[in-house]
Amino acid sequence: MMDDKTHFIGVLPPSGIERVVSSDRKWTERYGCRSGHSTPVHVTLVPPFSSTKSTDEIKDILKGILPLLSPFSSSVDGYGSFGNRTIYLRVLPSKEWDNLSKTLTKGLKAMGERVKVDNKPLTPHLTVANRDIPPEHFSFILQQLSSHSITAPFLVERVALFHREGRLWRVIEDDILDIGR
């Protein structure tokens with residue numbers, strides 16, 4: 001059965017951080033981890049949702065929200081996990097990440113989109129492996145990734161509107177929008 005989710009919103013990291021996560025994803029494939037590797041590396045702001053609107057119509061909604069927000073500085077710092085199901089490159093949480101996520105979610109909801117409203121703080125992260133991590137390799141994979149820990153600052157100044165194409169999530173340059181403009 002095909003998932004009915006049509007869009008989600010995220011932040012694409014700078015190319016240097018994207019290369020680290022892509023390299024980590026490639027390395028984990030030797031242990032059978034492939035889930036989500038075809039989706040571009042990103043921090044999810046608004047999880048996948050179903051919409052009857054076109055991508056252009058949703059972009060127009062975002063263009064009405066993004067001028068109300070400001071770019072901000074963030075940083076990646078080492079690796080973490082959600083239980084034994086997901087390994088990620090940690091993005092340091094902040095009130096700015098929470099505000100960005102909540103403002104976009106509430107704005108989309110106000111325009112009739114069926115987005116999940118979550119009152120918990122956002123845990124920003126860049127997924128390396130999830131769902132298909134063999135339990136017997138989980139600790140080893142996390143330990144190996146953590147041994148070459150990375151810290152790097154970056155500016156959060158754009159959001160990307162992802163759309164589903166068959167079984168894959170895609171984003172094109174026209175679907176990347178500036179925060180604060």
Side-chain angles (χ1 to χ4, degrees), residues 1-3 5-49 55 71-94 96-98 100-101 104 116 118 120-177 179:
M1 183 177 97
M2 179 62 81
D3 190 343
K5 306 294 192 235
T6 58
H7 294 85
F8 78 87
I9 300 167
V11 170
L12 300 169
S15 60
I17 294 171
E18 188 277 334
R19 280 193 299 274
V20 168
V21 176
S22 292
S23 175
D24 290 343
R25 285 178 171 186
K26 185 75 174 152
W27 179 79
T28 65
E29 286 178 3
R30 71 178 69 180
Y31 299 97
C33 302
R34 289 181 176 78
S35 178
H37 289 192
S38 60
T39 301
V41 176
H42 67 279
V43 174
T44 301
L45 296 171
V46 178
F49 60 96
T55 298
F72 59 93
S73 295
S74 189
S75 183
V76 294
D77 185 20
Y79 292 82
S81 67
F82 296 124
N84 62 357
R85 187 169 162 93
T86 302
I87 296 174
Y88 56 83
L89 183 59
R90 183 181 300 110
V91 176
L92 296 180
S94 67
E96 290 86 2
W97 278 110
D98 283 340
L100 179 57
S101 175
L104 292 173
K116 180 182 176 191
D118 194 346
K120 294 185 295 188
L122 180 70
T123 303
H125 63 280
L126 298 159
T127 301
V128 173
N130 69 330
R131 293 195 305 267
D132 61 358
I133 304 169
E136 66 274 16
H137 295 301
F138 183 89
S139 294
F140 174 76
I141 292 170
L142 182 57
Q143 178 185 27
Q144 290 301 304
L145 291 171
S146 296
S147 72
H148 71 268
S149 187
I150 175 177
T151 57
F154 66 99
L155 186 61
V156 179
E157 57 188 341
R158 303 174 92 196
V159 300
L161 175 60
F162 292 77
H163 63 278
R164 186 181 287 285
E165 286 183 9
R167 303 180 129 253
L168 302 175
W169 290 104
R170 299 286 184 220
V171 64
I172 60 172
E173 186 62 35
D174 286 349
D175 297 338
I176 301 173
L177 306 169
I179 297 171

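Atoms considered below: every heavy atom in the structure, side chains included; atoms not considered: hydrogens, waters and symmetry mates.
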Check step by step if side-chain contact (heavy atoms from CB on, under 4.5 Å) holds for Leu45 and Leu100. CA-CA 7 Å; Leu45 296 171; Leu100 179 57; 3.7 Å; yes
Given the side-chain rings of Phe162 and His42, with only the six-membered ring counted for Trp, is the space between their centroids under 6.0 Å? yes
Aromatic plane relationship, Phe8 with Trp169 - under 30° parallel, 30 to 60° tilted, over 60° perpendicular: perpendicular
Rounded at 0.5 Å granularity, tell me how far NE2 in His37 sits from CG in Asp132. 6.5 Å
Could you tell me the separation between the CZ atom of Arg158 and the CG atom of Leu177, rounded to the nearest 0.5 Å? 8.0 Å
Which residue in the set Val43, Val76, Leu92 passes side-chain contact (heavy atoms from CB on, under 4.5 Å) when paired with Pro124? Val43
How about Ser22 and Glu18: does a side-chain donor come under 3.5 Å of a side-chain acceptor? yes
Going from NZ on Lys116 to CZ on Phe49, what distance comes out if it is rounded to the nearest 0.5 angstrom? 14.5 Å
Could you state the interatomic distance from CG (Asn130) to CD1 (Ile87), rounded to the nearest 0.5 Å? 10.0 Å
Parallel, tilted or perpendicular: which fits the ring planes of Trp27 and Phe140, with parallel below 30° and perpendicular above 60°? tilted
What's the separation between atom CD1 in Ile133 and atom OG1 in Thr86, rounded to the nearest 0.5 Å? 6.0 Å
Interatomic distance, Asp24 atom CG to Lys26 atom NZ [nearest 0.5 angstrom]: 13.0 Å
So that I know where these two stand, are Tyr79 and His148 an aromatic pair - ring centroids less than 6.0 Å apart? yes
Answer yes or no: is there a side-chain heavy-atom contact under 4.5 Å between Val91 and Ser75? no
Quick one: does Val156's side chain get under 4.5 Å of Glu96's, heavy atoms only? no
Do Lys5 and Arg164 come close enough that some side-chain heavy atom pair is under 4.5 Å? yes
Under 4.5 Å between any side-chain heavy atoms of Pro93 and Thr123, yes or no? no
Using only atom types and a distance under 3.5 Å, with no angle test, would you say the side chain of Arg131 pairs donor to acceptor with the backbone of Arg34? no
Parallel, tilted or perpendicular, as decided by the 30° and 60° cut-offs, for the rings of Phe72 and Trp97: perpendicular
